[in-house]
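These notes concern the structure reproduced below.
In what follows, chains carry the letters A, B, and so on, assigned in the order in which the sequence lines appear, proteins first and then strands, with residues in each chain numbered from 1.
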2 protein chains.
Amino acid sequence: MLRLTKKADYGLMALKYLAEHPDSVSVSAKDIADTYGIPPQLLAKVLQRLTKVGLLRSHAGMNGGYELSRAARSISAFEVIHAIDGPLFITSCTKGSKSCELEPSCTIKEPLARVNESIAGVLKSISIHDMAEDESTSGRVTEQPLVMLTGS
Amino acid sequence: MLRLTKKADYGLMALKYLAEHPDSVSVSAKDIADTYGIPPQLLAKVLQRLTKVGLLRSHAGMNGGYELSRAARSISAFEVIHAIDGPLFITSCTKGSKSCELEPSCTIKEPLARVNESIAGVLKSISIHDMAEDESTSGRVTEQPLVMLTGS
DNA sequence: TGAACTGCGACAAAAATAGTCCTATACTGA
DNA sequence: TCAGTATAGGACTATTTTTGTCGCAGTTCA
Ligand code: FES
Ligand code: FES
């Protein structure tokens, strides 16, 4: 449930990498793919999309690659995920204008839309910078009890 | 991104239906499937699972069916979703104990775990009762601007 | 010129979801 | 006690989504 796609994951990882290497003028997709052990071509596509929406600046040719187009602090996880996975959301319908078949009957959409908002809010409140920060902040968050399975 | 499965949707819809019909002693899977126009057998399975985890009580035989085992107010969306879609969460890895291949390199997991918590919190804070309530509360939430696409 | 890049579109493979079928079992009421 | 209606659940297929690959065109730089 509520799984992020790998592409989004890859995208976040890549941005995090870039945020941690501000010295390098630009880093190639291959470089990042190698350090994380993920398929280069796939990552390339992800980075291309991020470039398209303006989160990255690309530079073709030798010693080319990507760099953040803004400060890591100003790029939210939401933006990244939205750029890669698209705007779709919680309920299985939610096609924006096009409403699903069970529209008249299903009244579940409304309350869930508010859940969406909350989630989007959380995602927006986390920046790439925050993520990059994490490992330098020692093992602070490592062993928290994640009280989220009480339901069953 | 972050899509709920249809099964979970169906489950929520069914519980909502039950919450709205407290008069009926028990409602059959077919009844609910018919009113919402969803595959009866599939809904049956969903209801069976909800019964198994104790959210519903089932009653076989003629005029049988399901009923809420607790007050709608005390059943959270989280419980329902968790029961149906399982405990899996945000990051593409997160197999609990089994950590993914890119474990040493990927440091993105930690911060995202906190996002998970927040989302779970939101889901836990919404009860079936809240959902059922929604339509009686007039068209209050209908035309809210959902400010969640600012990213792109 | 040629090596090392990005930028795309089309495909193929794999995995997750959605949905169906079939059989067994439980309860009800006539 | 028997027919009808309902849940329980395993096995299976179909569909969709996600993941990953290939090939080729354009760019930059030495
Ligand atoms: S599932 Fe489409 S309107 Fe609710
Ligand atoms: S994607 Fe598995 S540890 Fe980050």
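- In this entry the distance linking NZ of B:Lys6 with P of C:dA16 reads 19 Å, nearest Å.
- Side-chain atoms of B:Ser24 do not come within 3.5 Å of backbone N or O of B:Ser26 as any donor-acceptor pair.
- Contact between the side-chain N/O atoms of B:Arg49 and the OP1/OP2 oxygens of D:dT7 is not found at any separation under 4.0 Å.
- Between C:dA4 and A:His59, no contact under 4.0 Å exists linking OP1 or OP2 to a side-chain N or O.
- Between A:Arg3 and the phosphate of C:dT17, there is a side-chain N or O to OP1/OP2 separation shorter than 4.0 Å.
- Look at CG on A:Leu50: it is 14 Å from C1' on C:dG7, rounded to the nearest Å.
- Atom P of nucleotide D:dG20 and atom CD1 of A:Ile84 are separated by 13 Å, given to the nearest angstrom.
- Phosphate contact (OP1/OP2 of C:dA16, side-chain N/O of B:Thr5, threshold under 4.0 Å): absent.
- Under 4.0 angstrom from either OP1 or OP2 of D:dT19 there lies no side-chain N or O belonging to A:Tyr10.
- Side-chain contact between B:Tyr66 and B:Val27: absent, with no pair of heavy atoms (C-beta onward) separated by less than 4.5 Å.
- B:Ser127 places a side-chain heavy atom less than 4.5 Å from the side chain of B:Asp130.
- In this structure, the CD1 atom of A:Ile38 is 12 Å from the P atom of D:dT19, given to the nearest Å.
- Under a 3.5 Å cut-off, the side chain of A:Arg49 and the backbone N or O of A:Ile84 do form a donor-acceptor pair.
- When heavy atoms are screened at a 4.0 angstrom cut-off, B:Lys45 is found touching base atoms of the nucleic acid.
- Here C:dA18 presents its C1' atom at 13 Å from CG of B:Leu43, a figure rounded to the nearest Å.
- B:Ala44 comes within contact range of no nucleotide atom at all, as no heavy-atom separation falls under 4.0 Å.
- Residue A:Ser28 places none of its side-chain N or O atoms closer than 4.0 Å to OP1 or OP2 of C:dA4.
- Separating the OH atom in B:Tyr17 from the CG atom in B:Asp31 is a distance of 6.0 Å, to the nearest 0.5 Å.
- When each of B:Gly64 and A:Lys7 is assigned the nucleotide of DNA chain D bearing its nearest heavy atom, the one mapping closer to the 5' terminus is B:Gly64.
- The shortest side-chain heavy-atom distance between A:Leu12 and A:Ile128 falls under the 4.5 Å cut-off.
- The phosphate of D:dA8 (OP1 or OP2) has a side-chain N or O of B:Tyr66 nearer than 4.0 angstrom.
- For A:Lys52, the listed nucleotide lying nearest its side chain is C:dC8; candidates were D:dT21, C:dC8, C:dT20.
- Between the CG atom of A:Leu42 and the C1' atom of C:dA14 there is a distance of 13 Å, rounded to whole Å.
- The CG-P distance, from B:Asn63 to D:dT5, rounds to 10 Å in whole Å.
- No salt bridge links B:Glu117 with B:Lys124; every basic N to acidic carboxylate O contact stays at or beyond 4.0 Å.
- Axis angle across the helix from C:dT1-D:dA30 to C:dA30-D:dT1, with five pairs used at each end and values rounded to 10°: 10°.
- Taking only side-chain atoms of B:Met62, from C-beta outward, the nucleotide of D:dT5, D:dA8, C:dG7 with the closest atom is D:dT5.
- If you measure from atom NZ of B:Lys30 to atom C1' of D:dG4, you get 14 Å, rounded to the nearest angstrom.
- The nucleotide whose nearest atom lies closest to any side-chain atom of B:Gln41 is, among C:dG9, C:dT6, C:dC21, C:dC21.
- Counting only distance, with no hydrogens or angles, the side chain of A:Ser74 and the backbone of A:Arg70 share no donor-acceptor pair below 3.5 Å.
- The base of C:dG7 sits within donor-acceptor range of the side chain of A:Gln48, with an N or O pair under 3.5 Å.
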